[in-house]
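Following: one structure in C-alpha cells, then a few remarks.
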Amino acid sequence: MAMTGVLRPGHAQVRVLNLEEAVKFYRDVLGLVETGCDAQGRVYFKCWDERDHNSYVIREADRAGIDFFAFKVLDKATLDKLDADLQVYGIKTERIPAGEMLETGERVRFELPSGHVMELYAEKTVIGNGLPIVNPAPWTRQREHGIGPVRLDHALLYGPNVAEVQKIFTEVLGFYLVERVLTPDGENNAAIWLSCSHKVHDIAFAEYPEKGKLHHCSFLMESWEQVLRAGDIMSMNKVAVDIGPTRHGVTRGCTIYAWDPSGNRFETFMGGYQPYPDNTEPLTWTFDNFGQGLDYPQRKLHETFLTVVS
Ligand SMILES: [Fe+2]
C-alpha cells in the first residue's frame with residue numbers, strides 16, 4: 001500500500017439551528033444516509049458509497065458553523081506518531097476517548113492558528129455501502145434518493161494565520177500545496193489548497209480576520225450530469241444557491257455552492273485533476289485573476305465567496 005500517514009477527510013461536525021429541519025434537508029434533499037443519533041442529540045450521516053459509519057454529523061445550536069473537521073489516518077501507530085509530532089512542533093493535543101462519537105475510535109484533537117478544531121482518528125466501524133463485496137452492482141437505490149453524493153470530499157475553512165496553518169499541514173501532517181491564490185500585493189498566500197493524497201485537495205484555507213469559520217463542506221458527485229441533477233433538486237426544493245453550476249479555475253472542479261437551511265454553505269463537486277505529491281510547483285493565481293480561479297466561465301469574483309461564512 002502506497003498511502004500512509006493521513007489518508008483522507010473522515011468526518012465533519014456542523015451546527016444547525018433547527019435539528020428536525022436539518023435532518024430532513026440532509027437526508028431527503030442532499031440525500032445522505034442517516035446512520036444514527038447519540039445521547040447528546042447529534043445526528044449522524046454518511047454518503048451512500050462511504051463504508052465507514054459516519055462522515056457528517058450535525059447538532060442543534062444557536063449559531064451555525066463547524067465544530068471540527070477530522071482526517072482518518074492509517075492506523076493506531078500512525079495516530080500516536082502524529083500526536084507526538086504535533087506536540088514536538090508545539091501544538092497542544094487532546095485525546096477524545098473511543099465511543100464519544102458513535103462507532104468511532106479514539107481521536108486526537110488540536111486547534112489550528114486559524115481557530116479551527118481538527119481531529120485525527122484511525123478507527124471507525126465499517127458498515128459498508130449496501131453492496132456485497134463479491135459481485136457488487138455499481139450503485140444502490142440510495143444514490144437515487146435526493147442529490148446522493150458519493151463521499152465527503154473536502155472543506156474550505158476561513159480564518160487568520162493561513163501561513164502558519166500551511167506549515168503545520170505540510171511539515172507535520174504530510175500534506176502538500178497544490179494551488180494557491182496570492183494576496184493583492186503578491187507577498188503572501190490569500191488562500192491555499194492542500195492534498196494528502198492523489199486528490200486535487202483534501203482541505204483548503206483562506207485568510208479571514210475571524211477565527212474558525214466554515215466556508216463549505218464539499219460532497220463529491222460522480223459526473224457533471226450528476227452536478228446538474230443536483231442543481232435541479234436544489235431548485236425543486238427551493239434551496240438557496242450561491243454560485244453555479246460552473247467550473248472553478250482553481251482545481252478545475254465543477255461545482256454548485258448552496259446553503260443548508262441554517263446558512264452553512266455546502267458544495268456538490270466533481271472533477272479536477274489528479275496531482276501527485278512530487279508536485280513541487282503549486283499552481284499560483286494572482287489576486288487580480290481570482291475571479292477566474294473561482295468561476296472560470298464568468299471570470300467573476302462573487303462577493304458572497306469572500307464575505308459569507310458560518
Ligand atoms: Fe470546494
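Counting convention: from 1, in listed order, for ligands and their atoms alike.
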Practice prompt. Using only N, O or S atoms, tell me which atom of E267 is closest to the Fe ion (ligand 1).
Written response: OE1

Worksheet item: Do you see an N/O/S atom of H216, backbone or side chain, under 2.8 Å from the Fe ion (ligand 1)?
Response: yes

Discussion item. Between the side chains of R151 and E50, is the shortest nitrogen-to-carboxylate-oxygen separation below 4.0 Å, so that they form an ion pair?
Written reply: no

Worksheet entry | Donor-acceptor contact present, side-chain S195 to main-chain K199, <3.5 Å | yes

Discussion item. Has R247 got a side-chain atom pairing as donor or acceptor with R252's backbone, closer than 3.5 angstrom?
Written reply: yes

Response to the item:
In I66, L214, I58, the residue satisfying side chain to side chain contact (heavy atoms under 4.5 Å, CB included) with N264 is L214

Worksheet item: With a cut-off of 2.8 Å, does any N, O or S atom of H201 fall short of it relative to the Fe ion (ligand 1)?
Response: no

